[in-house]
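Bear in mind that the values here come from a model prediction, so they are computed numbers and not experimental data.
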Amino acid sequence: MIASNPFELFRQECQLVLADALEKSLPEIKLPLISLKKTPNVDYGQLATSLCFELAKKLNQRPLDLAEHLVGAVDKSKFNLLDKVTSAGGGYINFHVNFAKFTLLTLQSIKELTSQYGFVKTDTPQKIIVEHTSVNPLHSIHIGQARNPMLGDTLARILQYRGHDVSRHYYIDDVGRQSSVVAYGYSKLGRPKPTEKPDLFVGKIYTVTSCIVEINRLKRARDKAVALHNADDLVKINKDIDDWMSIAAELKEKYPILFEVLLAKVSEDSNPEEEINRLNHAYENGQPVAKDLVREVSNLCLDGFRATMNRINVTYDSWDWESDFVWTPQVSEVMTKLKTTPYISNEKGVLQFNADQVTQTLNLKPKLGLSQNNEIPPLTLVRADGTTLYTTRDIAYTIWKFKHADKVINIIGMEQSLAQLQLKLALYAMGYNKEAENLTHFAYNLITLPGYKMSSRRGHYITLDEVLNEAIQRAYEEVSKRSPTLNEEEKHNIANFVGLGAVRYTLIDIDPSKPVVFTWERVLNFETNSAPYVQYTHARASSILRKATIKPQPPQFGLLSERIEKELVLTLAGFPDTFIEATEYLKPNMVADYVNSLADKFNTFYNAYPVLKADSQDLIDARLTLVKAIQTVMKNALNLIGVVAPEKM
RNA sequence: GGGCGAGUAGCUCAGCACGGAUAGAGCAUCAGCCUUCUAAGCUGAGGGUCAAGGGUUCAAAUCCCUUCCCGCCCGCCA
């Protein structure tokens with residue numbers, strides 16, 4: 001017999017038995033399906049209910065008496081996976097599994113389903129767009145931004161395994177002023193061919209150009225303040241200039257030639273800021289020369305991103321350019337439609353969206369879980385000069401996404417929570433209720449460096465590539481130390497998947513809502529509760545299996561009677577539950593926690609009991625089957641989080 | 001000022017959606033385990049007013065209220 005979710009089968013049996021006993025002994029009590037909880041301890045059985053505590057008061061009886069009464073009414077002829085039902089503690093009812101049967105069911109199911117075990121399919125498959133990463137193409141992806149693709153890719157994977165039709169989208173924000181800054185610098189340099197990884201190359205141009213242009217702008221602002229005798233402004237401007245001059249000094253030292261050349265070229269323009277604004281307008285208007293230039297430099301940067309993401313097994317199905325929504329009528333159509341709603345106000349050409357009014361008119365606050373005194377600030381949609389803002393364009397993009405999907409999950413930092421809420425309210429305002437309800441902002445907290453926030457404008461950041469390189473280097477040192485007999489190619493191969501796995505694991509293991517301070521120590525952890533630890537454990541299990549032959553007929557599973565063996569079987573049987581929960585509640589870190597705890601238990605077992613040299617051939621067979629199942633499930637779980645499950649390391 | 005998120009062992013974090021049995025890991029500290037299947041491992045010890053106070057409940061780290069502290073947001077930036 002095979003079960004896609006063995007533990008669920010056991011749970012259902014317990015529920016039936018309990019419902020039957022309740023009906024017989026307390027027919028006057030009508031209860032909905034009773035939820036059974038896992039016990040804290042194998043000795044208390046595997047599932048328990050605290051039902052009697054609740055009933056005790058109503059029936060004016062002691063909880064323990066009730067529990068004993070109910071246990072007495074249990075019909076043992078209905079038992080299949082159940083071994084016994086007992087009362088315990090102050091009034092719990094504990095359900096004990098029949099381990100011989102349950103182990104057979106679980107291990108047979110894993111053996112049959114292999115790479116599909118655990119991935120219980122949803123009854124309601126949907127088309128889901130997961131938008132993630134979406135880093136602006138201005139400079140290399142830094143470690144602060146790297147939490148996004150790790151979470152996004154893992155979510156996409158688990159949803160896909162759940163049976164949804166998942167599409168991974170990257171939204172390229174190329175319309176902002178920043179894109180014009182880098183394009184301006186790139187064009188001033190004569191559109192050079194990259195001499196290094198293209199995103200790194202573009203990033204240097206961006207940082208240096210933006211610094212030079214900013215100083216130029218501030219100096220002109222200073223002249224103006226002097227002319228107008230505006231002392232307050234002057235103080236502030238001088239302070240800003242000092243700040244930027246110190247950044248300039250840093251950049252000049254890091255990239256002396258690039259800095260000199262760019263400074264000379266930018267100085268040819270009397271007002272570089274004006275040039276950038278002109279370029280920005282030209283691009284928004286879709287003028288061919290501007291299109292050609294901005295797309296060229298953006299694509300260079302994106303080529304670099306793709307290379308980085310390939311290293312960690314992250315891919316995308318669609319690259320969506322923000323500019324495409326501006327060049328086609330999509331953004332203007334949204335504006336036309338929004339203007340017909342009562343939520344738009346026009347002050348001297350500036351269009352504001354009154355988000356709070358939407359929540360009041362449509363009574364959305366309770367529905368969205370917002371408190372009544374949470375007054376949503378208005379959102380500016382259109383500037384005085386007629387151009388649109390980021391969120392305005394995002395509304396058009398979101399509507400487009402819903403033409404291709406039933407559900408949209410945006411992986412975006414929690415600092416954008418307000419903008420994402422306003423976006424959702426705009427959908428409601430336009431009558432896109434279903435879309436609004438199916439729009440999820442998956443928010444995550446920032447990664448900071450000790451003592452300061454990463455700043456791409458100032459060039460203060462650690463790139464994801466640097467982190468990956470360092471992790472691989474560190475893994476190489478470890479593998480050389482631990483396995484000196486391996487040849488160079490094997491060492492490099494192992495170092496690669498160990499280093500990359502470590503980084504992926506670390507970034508999804510922590511609850512996304514928690515802020516993270518980046519330290520090398522955190523990422524380069526190769527000990528318990530890390531990808532390398534789980535990978536090592538998988539390799540250990542593989543090593544045993546490599547040295548053995550597993551017989552086709554099922555062994556005597558009753559022989560697996562040690563406590564840790566029972567715990568292992570239960571953990572394996574619970575994998576489908578964990579997978580379903582992680583998927584339904586969008587909690588990728590549950591998968592990491594699960595696989596770590598499975599590895600923990602296996603290592604305990606490994607150290608305590610021999611497999612290949614167990615006391616009898618029957619026991620060897622039984623343990624080998626257990627090890628094989630553990631290997632399969634570890635591999636499946638690692639696959640969900642995008643980490644390689646190695647045979648050797 | 002208002003909103004949102006966080007506060008659990010010296011440090012880094014699970015557990016909280018759905019209240020339940022002695023609050024769990026790792027790091028660090030201390031004491032042990034490699035002539036036995038991979039020591040990136042295992043066993044054990046010490047370490048907690050679950051930020052504080054109140055409330056609901058047979059039962060609260062978990063739910064409610066108040067306060068404190070930290071982060072983020074409240075732009076004709078993205």
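When heavy atoms are screened at a 4.0 angstrom cut-off, A/A56 is found touching no nucleic acid atom at all. Residue contacts for A/N94: at a heavy-atom cut-off of 4.0 Å it reaches a base atom on one of the strands shown. Among the atoms of the strands shown, only primed sugar atoms or phosphate atoms (P, OP1, OP2) are found under 4.0 Å from some heavy atom of A/I510. Here A/N596 lies out of heavy-atom contact (under 4.0 Å) with every strand. Using a 4.0 Å heavy-atom criterion, one finds that A/A608 contacts no nucleic acid atom at all. Within the 4.0 angstrom heavy-atom criterion, base atoms lie near A/K648. Heavy atoms of A/E647 sit under 4.0 angstrom from at least one base atom. Among the protein residues, A/Y609 comes within range of the nucleic acid bases, having at least one heavy atom under 4.0 Å from a base atom.
A/M649 has its CE atom 14 Å from the P atom of B/U38, to the nearest Å. Distance A/L368 CG to B/G3 C1': 14 Å, rounded to the nearest Å. Computed from coordinates, the A/R393 CZ to B/C76 P distance equals 14 Å when rounded to whole Å. The separation between A/N374 atom CG and B/G1 atom C1' is 14 Å, rounded to whole Å. Between the NZ atom of A/K514 and the P atom of B/C11 there is a distance of 14 Å, given to the nearest Å. Whole-Å rounding puts the A/E567 CD to B/A25 P distance at 11 Å. Summarising the geometry, the separation between OH on A/Y536 and C1' on B/C37 is reported as 11 Å, rounded to the nearest angstrom. Atom CD in A/Q631 sits about 19 Å away from atom P in B/C37, given to the nearest Å.
Relative to the ring axis of A/F602, A/R540 does not place its NZ or CZ within 45° and under 6.0 Å from the centre.
Annotation: side chain of A/P512 is in contact with side chain of A/F442 (closest heavy-atom distance under 4.5 Å). Between A/C52 and A/I93, some side-chain heavy-atom pair lies under the 4.5 Å cut-off. In this structure the side chain of A/F518 reaches within 4.5 angstrom of the side chain of A/V467, judged on heavy atoms. Side chains of A/L598 and A/L568 form a contact here, defined as non-hydrogen atoms less than 4.5 Å apart. The closest side-chain heavy-atom distance from A/P366 to A/Q372 is below 4.5 Å.
Applying the salt bridge (Lys or Arg N to Asp or Glu O under 4.0 Å) test to residues at least two apart or on different chains, none of the pairs has a partner in residues 373-388 of chain A.
Of the candidates B/A25, B/A21, B/C72, the closest approach to any side-chain atom of A/E415 belongs to B/C72. Among B/G5, B/C77, B/A21, the nucleotide with an atom closest to any side-chain atom of A/L389 is B/C77. With distances taken from any side-chain atom of A/D600 to the nucleotides B/U38, B/C42, B/C72, the minimum falls on B/C42. Checking B/G20, B/C74, B/A40 against the side-chain heavy atoms of A/P377 singles out B/C74 as nearest. Distance from the side chain of A/V350 is smallest to B/C76 among B/G71, B/C76, B/A40. The side chain of A/T39 has B/A21 as its nearest neighbour among B/G20, B/A17, B/A21. With distances taken from any side-chain atom of A/K587 to the nucleotides B/A40, B/U38, B/G15, the minimum falls on B/G15. Nearest to the side chain of A/E527, among B/C74, B/G41, B/U12, sits B/G41. Comparing atom distances between the A/S513 side chain and each of B/G20, B/U38, B/A6 picks out B/A6 as nearest.
Annotation: proximity of residues 496-507 of chain A to RNA chain B (heavy atom, distance under 4.0 Å) is found for A/V498, numbered in ascending order.
Listed pair A/T528 / B/G26 fails the phosphate criterion, with no side-chain N or O lying under 4.0 Å from OP1 or OP2. An OP1 or OP2 oxygen of B/U38 is reached within less than 4.0 angstrom by a side-chain nitrogen or oxygen of A/K547. Between A/K57 and B/C58, a side-chain N or O to OP1/OP2 separation shorter than 4.0 Å is present. For the pair A/S371 and B/C4, the criterion of a side-chain N or O lying under 4.0 Å from OP1 or OP2 is met. Between A/R482 and B/A40 there is a side-chain polar atom (N or O) within less than 4.0 angstrom of OP1 or OP2. Phosphate contact (OP1/OP2 of B/C37, side-chain N/O of A/R623, threshold under 4.0 Å): absent. Between A/N373 and the phosphate of B/G3, there is a side-chain N or O to OP1/OP2 separation shorter than 4.0 Å. Remark: A/R383 is in phosphate contact with B/C77, judged by side-chain N or O atoms under 4.0 Å from OP1 or OP2.
Minimum heavy-atom separation, A/A355 to A/I376: CB-CG2, 3.7 Å.
Within the shown strands, B/C13 is the pairing partner of B/G24 under the Watson-Crick or G-U definition, both distances less than 3.5 Å. Nucleotide B/G48 forms no Watson-Crick or G-U wobble pair with any nucleotide shown, as no partner meets the under 3.5 Å limit on both distances. Pairing for B/G53 goes to B/C65, judged as Watson-Crick or G-U wobble with the two contacts each under 3.5 Å. Using N1 to N3 plus N6-O4 or O6-N4 for Watson-Crick, or N1-O2 and O6-N3 for G-U wobble, each under 3.5 Å, B/G75 pairs with nothing.
Remark: the A/K37 side chain and the B/C18 base include a donor-acceptor N/O pair separated by less than 3.5 Å. Side-chain to base pairing of A/N603 with B/A39: no donor and acceptor N or O lie closer than 3.5 Å to each other. Interface remark: the A/S50 side chain does form a donor-acceptor pair with the B/G20 base, using a distance-only criterion of under 3.5 Å. Side-chain N/O atoms of A/E584 and base N/O atoms of B/A17 include no donor-acceptor pair closer than 3.5 Å. Between the base of B/U22 and the side chain of A/N41 there is a donor-acceptor pair shorter than 3.5 Å.
The gap from the P atom of B/U67 to that of B/A31 amounts to 50 Å, rounded to the nearest Å. With C1' as the reference atom, B/G24 and B/G32 are 23 Å apart, rounded to whole Å. Across the C1' atoms, B/G46 and B/A52 are found 27 Å apart, a figure rounded to whole Å. One C1' atom belongs to B/C72, the other to B/A17, and the distance between them is 23 Å to the nearest Å. Spacing between B/C27 and B/U66 at atom C1', rounded to whole Å, works out to 37 Å. Here, B/U29 and B/C65 have their P atoms 44 Å apart, quoted to the whole Å. Spacing of C1' atoms, B/U8 relative to B/C13, comes out at 9 Å, to the nearest Å.
Between A/Y397 and A/Y171, the two ring planes are parallel [angle under 30°; tilted spans 30° to 60°].
A distance-only check finds no donor-acceptor pair linking the side chain of A/E527 to the backbone of A/Y533 [under 3.5 Å]. Using a distance-only test at 3.5 Å, with no hydrogens or angles considered, a donor-acceptor pair links the side chain of A/T154 to the main chain of A/M150.
B/G41 has no base stacking with the ring of A/Y606 when judged by centroids under 5.5 angstrom apart and an interplanar angle below 30°. A distance cut-off of 5.5 Å between ring centres, combined with a plane angle under 30°, leaves A/Y533 outside any stacking arrangement with the base of B/A40.
Using a 3.5 Å distance cut-off with no hydrogens or angles, the side chains of A/S530 and A/N525 do not pair a donor with an acceptor.
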